[in-house]
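Let me begin by presenting the structure, written as structure tokens, before commenting on it.
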Amino acid sequence: SEMSKDMLPGPYPRTPEERAAAAKKYNMRVEDYQPYPDDGLGYGDYPMLPNKSQYERDPWYQWDQPDMRHNWGEPMHWDFDMYIRNRVDTSPTVVPWHTMSKHFLLFLSIMLIMFGLGEIYPSYRPVGPKQYPFNDLYLERGGDPNKKPPAVIHYEI
Amino acid sequence: MGAHLGRRYLWDAEAEPDPLHMPSFPAQLGMPARQPRVMVASASQLADARVPLEQRDFCGHHLLRLLRCQRDNFPVPWGCHALRHAWDSCQHQDYVMRMKEFERERRLRLRQQRLRRR
């Protein structure tokens, strides 16, 4: 589909007439039309729409394109291809963010404190250490066969 | 089971044995007729059987007999119950000895405290 030159995005609108013409070009009302701030990033007169993903749009409304939840001629977001339903989803969480973060941090801190306490005050059975023969398995544990191992004798009790 | 832990961490750590530094008293103190433990299997036999180091303890001879019986009876798992019981009871006696060591250490520590207080 060939588009004429005046249908493409243009430079940043400076006068109210340019703003009205740009709003008409993008099928928007003049009150709704809000271009990106002119800070040299190259958006031009493209409208700044809210950063909401297509997930947040009504699933039961009869959209022209149901999978994209988009109507014909509706102004598309600059990052529309990012906000499709297969990609980024900006839907609000079921539980408020501060509740979620509080619960998570509480759980994490309690677990870390308990593990730390377990390291400082370890738990053990009321038994002595296990006794091994041959000088506590000196040779089997990699001791030097030329050196004399420290004598360890275990007694019956 | 937590009584010794409570005594160690909340009460008096001097009177409770520290399992990392045991035994802290001479072996013959109070028990002059102690016999050293006898190791029946030899180190080379255990090494030939490739027994893991944790199992090369004073019950190694029972374990060797059990492994040999299991190897002979494979794949039937029910042929070595008697030898298994012998090894298990040897391990149990070993554990009971460890408990007795712990208790001896504890009593000697209490005695040491009493002597210091006198």
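Numbers restart at 1 for each chain; the letters A, B, ... are given by sequence-line order, proteins then strands. Computed from a predicted structure; not experimentally measured.
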Connected via hydrophobic side-chain network under 4.5 Å: [X] and [Y]:
| X | Y | answer |
| --- | --- | --- |
| Y46(A) | F80(A) | yes |
| Y26(A) | M68(A) | yes |
| M111(A) | F104(A) | no |
| M114(A) | Y121(A) | yes |
| L49(A) | I84(A) | yes |

Contacting region of [X] [heavy-atom separation from chain A under 4.5 Å]:
| X | answer |
| --- | --- |
| L46(B) | side chain |
| P19(B) | both |
| E54(B) | both |
| A41(B) | backbone |
| M99(B) | both |

*Can you tell me how far OH of Y155(A) sits from CE of M31(B), rounded to the nearest 0.5 angstrom?*
10.5 Å
*asked:* Could you measure the distance from the CD atom of Q35(B) to the CD1 atom of I157(A)? Nearest 0.5 Å is fine.
replied: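 These two atoms lie 13.5 Å from each other.
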For [X] versus [Y], what's the shortest heavy-atom pair and its separation?
| X | Y | answer |
| --- | --- | --- |
| L137(A) | L53(B) | CD1-O, 3.5 Å |
| E156(A) | M97(B) | CA-SD, 4.2 Å |
| L5(B) | Y124(A) | CD2-CE2, 3.6 Å |
| K130(A) | Q91(B) | NZ-OE1, 3.5 Å |
| H4(B) | P126(A) | CE1-CD, 3.4 Å |
| A43(B) | E140(A) | CB-OE2, 3.7 Å |

*Do P122(A) and Y9(B) come within less than 4.5 Å of each other through their side chains, counting heavy atoms only?*
yes
_Do M39(B) and F134(A) make a side-chain contact, defined as non-hydrogen atoms from C-beta onward lying under 4.5 Å apart?_
yes
Around atom [atom1] of [X], are there more than 12 heavy atoms from other residues, nucleotides or ligands closer than 6.0 Å?
| X | atom1 | answer |
| --- | --- | --- |
| R111(B) | CZ | no |
| Q28(B) | CD | yes |
| E119(A) | CD | no |
| R109(B) | CZ | yes |
| R57(A) | CZ | yes |
| E14(B) | CD | no |

*After noting the C-alpha distance and the side-chain angles of Y95(B) and R125(A), does the key distance pass the side-chain contact (heavy atoms from CB on, under 4.5 Å) rule?*
CA-CA 11 Å; Y95(B) 196 79; R125(A) 293 268 163 96; 3.8 Å; yes
*Please determine, among M22(B), R8(B), R56(B), the option with the most heavy-atom pairs under 4.5 Å with chain A.*
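Looking at each option in turn, the highest pair count goes to R56(B).
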